[in-house]
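Chain naming here is simple, since letters A, B, ... match the order of the sequence lines and numbering starts at 1 in each. As the structure is a computational prediction, the values presented were derived from the model and not from experiment.
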2 protein chains.
Amino acid sequence: MDKVMVRAGRSLVKHVPEPTLRRLPLYYRLLRQLRETGCKGVSCTTIGRELKLDATQVRKDIEVTGTVGRPKVGYDLVELTCAIERFLGWDNTTEAFLVGAGSLGEALLGYPGFAECGLNIVAAFDVDPNKCHRVIHGKHVRHVSKLPNLMRRMRVRFGIITVPAAEAQHAAELLVEGGVLAIWNFAPAKIRVPDSIIVTNEDLYCSLAVMSQRLTKKLAESRSKGEPKA
Amino acid sequence: MDKVMVRAGRSLVKHVPEPTLRRLPLYYRLLRQLRETGCKGVSCTTIGRELKLDATQVRKDIEVTGTVGRPKVGYDLVELTCAIERFLGWDNTTEAFLVGAGSLGEALLGYPGFAECGLNIVAAFDVDPNKCHRVIHGKHVRHVSKLPNLMRRMRVRFGIITVPAAEAQHAAELLVEGGVLAIWNFAPAKIRVPDSIIVTNEDLYCSLAVMSQRLTKKLAESRSKGEPKA
DNA sequence: TTAATATCGAGAATTATTTCTCGATTAGAA
DNA sequence: TTCTAATCGAGAAATAATTCTCGATATTAA
C-alpha cells in the first residue's frame, strides 16, 4: 500500500533497484583501475567479462547514471566514473560520527578509500572512559554523552554504529537526539528509530547464513555423489 | 546458460532464494530472544510485526526449513529454532582460518556468537612478521607461509580474508592451495579462484552506495519540497 | 456445544529484476 | 568508398520474489 512508488511519484529521481546500486561500486572500482592503465573507454562487454555479469545488465545499470555510450566504442571512462560518483552522491563530502571504538570501529576509522566515496568520519564515541581521549587513525574518541550536542553543533547527519548488540539501541537513540538522517548499523541487532531515518544494517550473520547454507548443501551433494540414486 | 537450476536439478535440496537465506538469521535471533522470555510458540504475524516484514513472506521463509505450524497457534519456538539451525548448517561446527590480522581481522576474531552459528576461527595469519606469534582473543597469529600446509593437515575448509585489497588475491591463492571450499572475502576487491569454490564478498562500498544514494535522494527531495514545481 | 477468530498452507496474482532480441550506429578493415 | 563486426539503446520475454486470496483447522469464549 504505502509502496516506494508513492514517493517515487513525487520524486524527481526514478526508483533505482537496490541490486543495481550495489553493483555500481564494482563498476566504479574497475573503472578507476582501467584509468590507471591509461585506458580511455570501456564497453559493457568488457565490464561484464571482468565482473562476471551479463553485459545487458551492466548496460541497464549504467543507464541509471545518465551516461550515454557510443556504438562500437562504449563509454568514456572519465565521464562514466564521474557519473557514478555524482549518482551515488560520492562527489560531495558527508561527515559522519562513529559510535563504538572497539576493533570494528577502529577498522572502519582506518578503512581506506572512504574519502573517495565522500565519507569522512570526523569523530568516534564510546561509553568506556578508558577508550576515550585517544586518537585512532587521526580521529578523536570522545565520551558518548557528548555526542548529541556535538552532532547538532557540527551539523553531522550520518551515524555509524559499531557497538555490541546490547548497546545498539542506546547508540541509535543518541544519534537520533543529535538529528541524524541516516544510520549505518554494524551491530547484529535491529534498532528502532523514527521511520524518516534511513537505516542500513550490515549484519554479518546474514551473509554467514548464505555461506553456511551453500557450504552445507555442497557438502551434502558431494557426499550423495558417492552413492547416487540413494 | 549454466544456470543455478542445472545444479538444482541434480540436487536433492531445492534452490532457496538468497533473500530468504538472509532473513533466516533475523528470525533466529528474534526466536532466541523470545525463548529467553519464557515464550513457547510464535506466529508469522508476530515475527512480521517485530521485524517489519510481511507475514506471508515470513511463512514462506519458514516453509523452506521444513517446520510445520498449527493454525491459530503458530510454530513451536524450540522446533523452529532448531530447524533454522539445521537448515543453515549451524548445528555442525565449521573450522575456519582467517587471513589478515589487522583491526578488521581482530574484530572478527572477537566477534560474539559465531560459535552459536557453528563457526570456529581456529587460527589467524598475516604477512607482517610483527603481527605474528601474537594471540588475539585466544587465537594464535602465524605467518601466511605456514597457511597451506597447516590448512591441509588440520583439514580446515573455510577461509576468511581480511587483508587490504591489494593482497586479497594472494590470500585467496594461499587458501586455494590449502584446499579451501568456501571463502568469505572482506577485502574490497574481486578475487579469482576456481569456479568450484564458494565465494561471498562482504564489500562495504556496496552497502555504502545504497546508503549514499538514498541519503542524496532524500536531501534532494527535501530541498525541492521548499520550491515545488521547480 | 457452538460461534468467532487467528492462523497456517497452497496457489494465484502482482511486482521486481534479469535476460533476450533486434534495429541503429559507428570504427576500422578491405 | 563499402563492407564487416562490435556495440548501444529500447522494448519484449523470461525468471525470481513478494504479496494477495481463500479454504481448512484449531483455540478460545459464549
Residue among A/I47, A/D61, A/V58 satisfying side-chain contact (heavy atoms from CB on, under 4.5 Å) with A/L53: A/V58

Gap between atoms NZ and P, on B/K60 and D/dT19 respectively (whole Å): 12 Å

Spacing between A/R59 atom CZ and D/dG11 atom P, to the nearest angstrom: 15 Å

Rounded distance [0.5 Å steps], CG in A/L80 versus OG1 in A/T67: 5.0 Å

Carboxylate-amine/guanidinium contact B/E18 A/R214, below 4.0 Å: yes

Integer-rounded Å distance: C/dT19 C1' and A/K52 NZ: 19 Å

Gap between atoms CD1 and P, on A/I47 and D/dA6 respectively (whole Å): 18 Å

The helix from C/dT1-D/dA30 to C/dA30-D/dT1: angle between end helix axes, five pairs per end, rounded to 10 degrees: 10°

Nucleotide nearest B/P19 when distance is taken to its side chain, options C/dG9, D/dA17, C/dA10: D/dA17

Distance, rounded to the nearest Å, where A/D61 contributes CG and D/dA10 contributes C1': 16 Å

Validation row: B/F87, B/V16 side chains within 4.5 angstrom (heavy atoms): yes

B/D54, nearest nucleotide to its side chain (from C/dT18, D/dC20, D/dC8): D/dC20

Note: B/E50-A/R192 ion pair, threshold 4.0 Å (strictly below): yes

Sugar-phosphate, base or nothing in reach of A/S43, heavy atoms under 4.0 Å: sugar-phosphate

Nearest-Å distance for atom pair CD/P, residues B/Q57 and D/dA17: 11 Å

Pairing residues for B/E85 by the side-chain hydrogen bond (donor to acceptor under 3.5 Å, both in side chains) criterion, not counting sequence neighbours: B/Y28

Approximate separation, where rounding is to 0.5 Å, of A/R29 CZ and A/E116 CD: 10.5 Å

Nearest-Å distance for atom pair NZ/P, residues A/K40 and C/dA27: 17 Å

Those residues of residues 62-72 of chain A lying under 4.0 Å from DNA chain C by at least one heavy atom: A/R70, A/P71, A/K72

Whether B/Y205 and A/W90 hold their rings parallel, tilted or perpendicular, with breakpoints at 30° and 60°: perpendicular

Contact check, side chains of B/P194 and B/V176, non-hydrogen atoms, under 4.5 Å: yes

Nearest-neighbour nucleotide for the A/T56 side chain, D/dT7, C/dC8, C/dT19 considered: C/dT19

Between C/dT18 (P) and B/E18 (CD): distance, integer Å: 12 Å

